[in-house]
Visitor: 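Structure incoming, see below.
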Amino acid sequence: MVVTVGPATGVSAAETAATTRSGSATTLPEPDLAGLREVLTRTLAAGAPGAMTRIDDGRTVHRQTAGVRDTTSGAGMDTNARFRIGSVTKTFSTVVLMQLVGSGAVDLDAPVDRYLPGVLPDARITVRHLLTHKSGLWDYSNDMFARTVPGFEAVRNKVFGLRELIDLSTAHPATAVPGTTYQYSNTNFVVVGALIEKVTGRSVRQEYERRIIRPLHLRDTMYVHPETTIPGKSIHGYLTPDEAGAPLVDSTEQTVSWAQSAGAMISSPADLDRFVSALLGGRLLRADLLDRMLEMTPSDSSGVRFYGLGLRRRDLSCGISVYGHTGTMQGYYTYAFTTRDGRRSVTSMANASNNGTVNTVLGDTLESAFCGTASKPRVSTAAALPPEDEVGAARAG
Ligand code: REX
């Protein structure tokens with residue numbers, strides 16, 4: 001059923017409103033569940049042991065799974081199981097920081113040096129530059145994971161201090177003059193973590209818990225760094241080696257200390273749907289602060305991908321824009337996106353990584369989930385846009 005709707009009131013779950021690129025209200029088509037199944041099947045064909053999508057319209061929830069969450073036991077993929085969400089963590093970190101901006105504890109346009117004196121090499125770098133990836137700080141993970149499996153094994157059980165990671169970055173020259181250039185860098189969100197800890201006097205773990213996890217009752221969301229296991233029912237992650245044909249490496253257990261506030265959280269599809277919906281629905285931040293997060297810069301030359309403050313925007317083929325984040329963690333690809341009003345949220349994940357085709361195909365679940373049959377494939381998958389901001393994306397198969 002398709003009904004054109006106006007403002008949010010009195011709209012049934014199946015008739016979620018969306019906003020087009022031009023900003024006008026429009027009707028969101030019903031999800032294309034047959035198309036979605038086909039995309040998940042293609043994700044497996046591209047090399048992922050398992051994949052899943054959870055669509056939440058407020059009242060209607062659609063869940064689809066394919067393949068396995070554990071190749072040894074053969075247990076099926078499960079939308080109630082937990083996994084590593086990688087950079088979706090950046091959106092959590094941003095919410096904490098923006099709440100601190102809201103309370104006046106942090107000024108978005110102040111130099112980071114005001115809060116963390118002497119930590120960064122350039123006093124022109126502001127808090128906003130971190131959140132928008134415009135600091136010019138080198139991404140230390142480029143060096144770490146130049147060789148995928150050896151790089152992972154070298155850090156898998158390591159525990160880094162935040163300062164130690166920042167110093168790995170600042171050993172390199174700046175990549176750009178602060179404020180001028182979008183360049184995705186995990187370093188930015190490690191500095192955000194250090195900033196949160198300095199200003200609040202509490203750990204990022206405590207801040208995620210008190211500001212987001214507890215208020216939203218996110219039962220599967222946690223930050224357990226530096227513990228290496230995922231508590232409860234979990235999805236095994238499988239890292240694809242660079243060498244063609246080499247067997248997948250079970251990468252489930254790791255400290256994720258190399259990423260921390262840039263990528264170390266654990267969650268589930270229901271929790272991520274609830275989180276992005278609450279954020280865009282205005283339940284985590286004041287409207288003026290959410291508006292700041294939505295100030296977008298192109299993140300590549302595609303014309304359809306943008307980065308705000310710890311938040312991505314994707315313009316889908318049917319003209320609908322969705323907001324959220326992607327994640328790449330060894331063994332896991334994640335997409336968590338929602339409409340501008342937060343009324344339809346979609347989380348997809350595949351338990352593979354270092355496989356660009358898996359990531360690209362998984363991204364097509366957003367088309368099926370938000371555009372329905374109105375989805376217009378622009379190009380064949382083989383020629384589709386590569387995943388954005390991947391470390392070593394050029395090499396990924
Ligand atoms: C590190 C390498 C990936 C992964 C990374 N992840 O930087 C952050 C993230 C936390 O989620 N970023 C992505 C490894 C881009 C995002 O925002 O969506 N790749 C892998 C390699 C390549 O080792 N040599 O694919 O598992």
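Computed from a predicted model, the values in this text were never measured in an experiment. Whatever order the structure lists ligands and atoms in, that order sets their numbers, starting from 1.
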Visitor: Taking only heavy atoms of D389, which atoms of ligand 1 are found under 4.0 Å from at least one of them?
Guide: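 This gives 15 (C) as the contact atoms.
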Visitor: Would you check the N or O atoms of Y333, main chain and side chain alike, for any that come under 3.5 Å of an N or O of ligand 1?
Guide: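 No.
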Visitor: Looking just at side-chain N and O atoms, do S321 and D315 make a donor-acceptor pair shorter than 3.5 Å?
Guide: yes
Visitor: Can you sort out which atoms of ligand 1 are near H325, meaning under 4.0 Å from one of its heavy atoms?
Guide: 17 (O)
Visitor: Examine Y184 against ligand 1 and note whether any of their N/O atoms are separated by less than 3.5 Å.
Guide: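 Yes; the residue has a nitrogen or oxygen that sits under 3.5 Å from a nitrogen or oxygen of the ligand.
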Visitor: Provide the number and element of each atom of ligand 1 under 4.0 Å from a heavy atom of N186.
Guide: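 Checking each atom against N186, I get 5 (C), 7 (O), 8 (C), 10 (C).
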Visitor: Taking V191 as the starting point, is it possible to reach Y184 by hopping between hydrophobic residues whose side chains are less than 4.5 Å apart?
Guide: yes
Visitor: So which bit of D139 gets within less than 4.0 Å of ligand 1, heavy atoms only: side chain, backbone, both or neither?
Guide: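 It is neither; nothing of D139 touches ligand 1.
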Visitor: I need the contact type for W258 against ligand 1. Using non-hydrogen atoms and a strict under-4.0 Å cut-off, is it side chain, backbone, both or neither?
Guide: side chain
Visitor: Using a plain distance cutoff, I'd like to know if T148 has any nitrogen or oxygen under 3.5 Å from a nitrogen or oxygen of ligand 1.
Guide: yes
Visitor: Would one find an N or O of T328, backbone or side chain, under 3.5 Å from an N or O of ligand 1?
Guide: yes
Visitor: Heavy-atom contact under 4.0 Å between R147 and ligand 1?
Guide: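 The answer is no, since R147 has no heavy atom less than 4.0 Å from ligand 1.
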Visitor: In the structure I gave you, are the side-chain heavy atoms of N354 and F145 within less than 4.5 Å of one another anywhere?
Guide: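 Side-chain contact under 4.5 Å: no.
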Visitor: Using the side-chain hydrogen bond (donor to acceptor under 3.5 Å, both in side chains) rule, pick out the option among H325, E295, R312, E388 that qualifies with Y307.
Guide: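 Only match with Y307 under side-chain hydrogen bond (donor to acceptor under 3.5 Å, both in side chains): H325.
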Visitor: Using distance alone, determine whether K90 and ligand 1 share an N or O pair under 3.5 Å.
Guide: no
Visitor: Just checking, is any N or O donor in the side chain of K134 or N188 under 3.5 Å from an acceptor N or O on the other one?
Guide: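 No, no side-chain donor-acceptor contact under 3.5 Å.
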Visitor: Quickly, which of R344, R54, R63 forms a salt bridge (Lys or Arg N to Asp or Glu O under 4.0 Å) with D273? Name it, please.
Guide: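 That would be R54; it is the only one of R344, R54, R63 passing the salt bridge (Lys or Arg N to Asp or Glu O under 4.0 Å) with D273.
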Visitor: Check whether L279 and I213 end up in the same hydrophobic cluster, where Ile, Leu, Val, Met, Phe, Trp and Tyr are linked by side-chain heavy atoms less than 4.5 Å apart.
Guide: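 Shared cluster, yes.
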Visitor: Measuring from the heavy atoms of A259, does anything fall under 4.0 Å of ligand 1?
Guide: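 Checking ligand 1 against A259, which is what was asked, there is no heavy-atom contact under 4.0 Å.
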Visitor: With atoms numbered from 1 as shown, which atoms in ligand 1 lie under 4.0 angstrom from a non-hydrogen atom of A262?
Guide: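 Close to A262: 10 (C).
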Visitor: Show every disulfide bond (SG atoms under 2.5 Å apart) that has at least one partner inside residues 80-158, sequence neighbours left out.
Guide: none
Visitor: Looking only at distance, does G263 have an N or O less than 3.5 Å from an N or O of ligand 1?
Guide: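 Min N/O separation from ligand 1 is not below 3.5 Å for G263.
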Visitor: Does at least one non-hydrogen atom of R312 fall below 4.0 angstrom from an atom of ligand 1?
Guide: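 Right, R312 reaches ligand 1.
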Visitor: Could you give all pairs that pass the salt bridge (charged side-chain N to carboxylate O under 4.0 Å, His left out) test and reach residues 71-83, with sequence neighbours left out?
Guide: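 Residue pairs with at least one partner in residues 71-83: D78-K233, R82-D220.
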Visitor: I need the single residue from T72, D250, N351, T71 that forms a side-chain hydrogen bond (donor to acceptor under 3.5 Å, both in side chains) with H236. Which is it?
Guide: D250
Visitor: Taking the side chain as every heavy atom from C-beta outward, state whether T148 and L239 have any atom pair closer than 4.5 Å.
Guide: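 Side chain of T148 against side chain of L239, heavy atoms only: contact under 4.5 Å found.
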Visitor: So which of V88, T91, T326 gets nearest to atom 16 (C) of ligand 1, if we judge by its closest heavy atom?
Guide: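 Nearest heavy atom to atom 16 (C) of ligand 1 lies in T326.
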Visitor: Go through ligand 1 atom by atom and flag the ones less than 4.0 Å from a non-hydrogen atom of S353.
Guide: 20 (C), 25 (O), 26 (O)
Visitor: Considering only heavy atoms of L239, which atoms of ligand 1 have at least one such atom less than 4.0 Å away?
Guide: 20 (C), 26 (O)
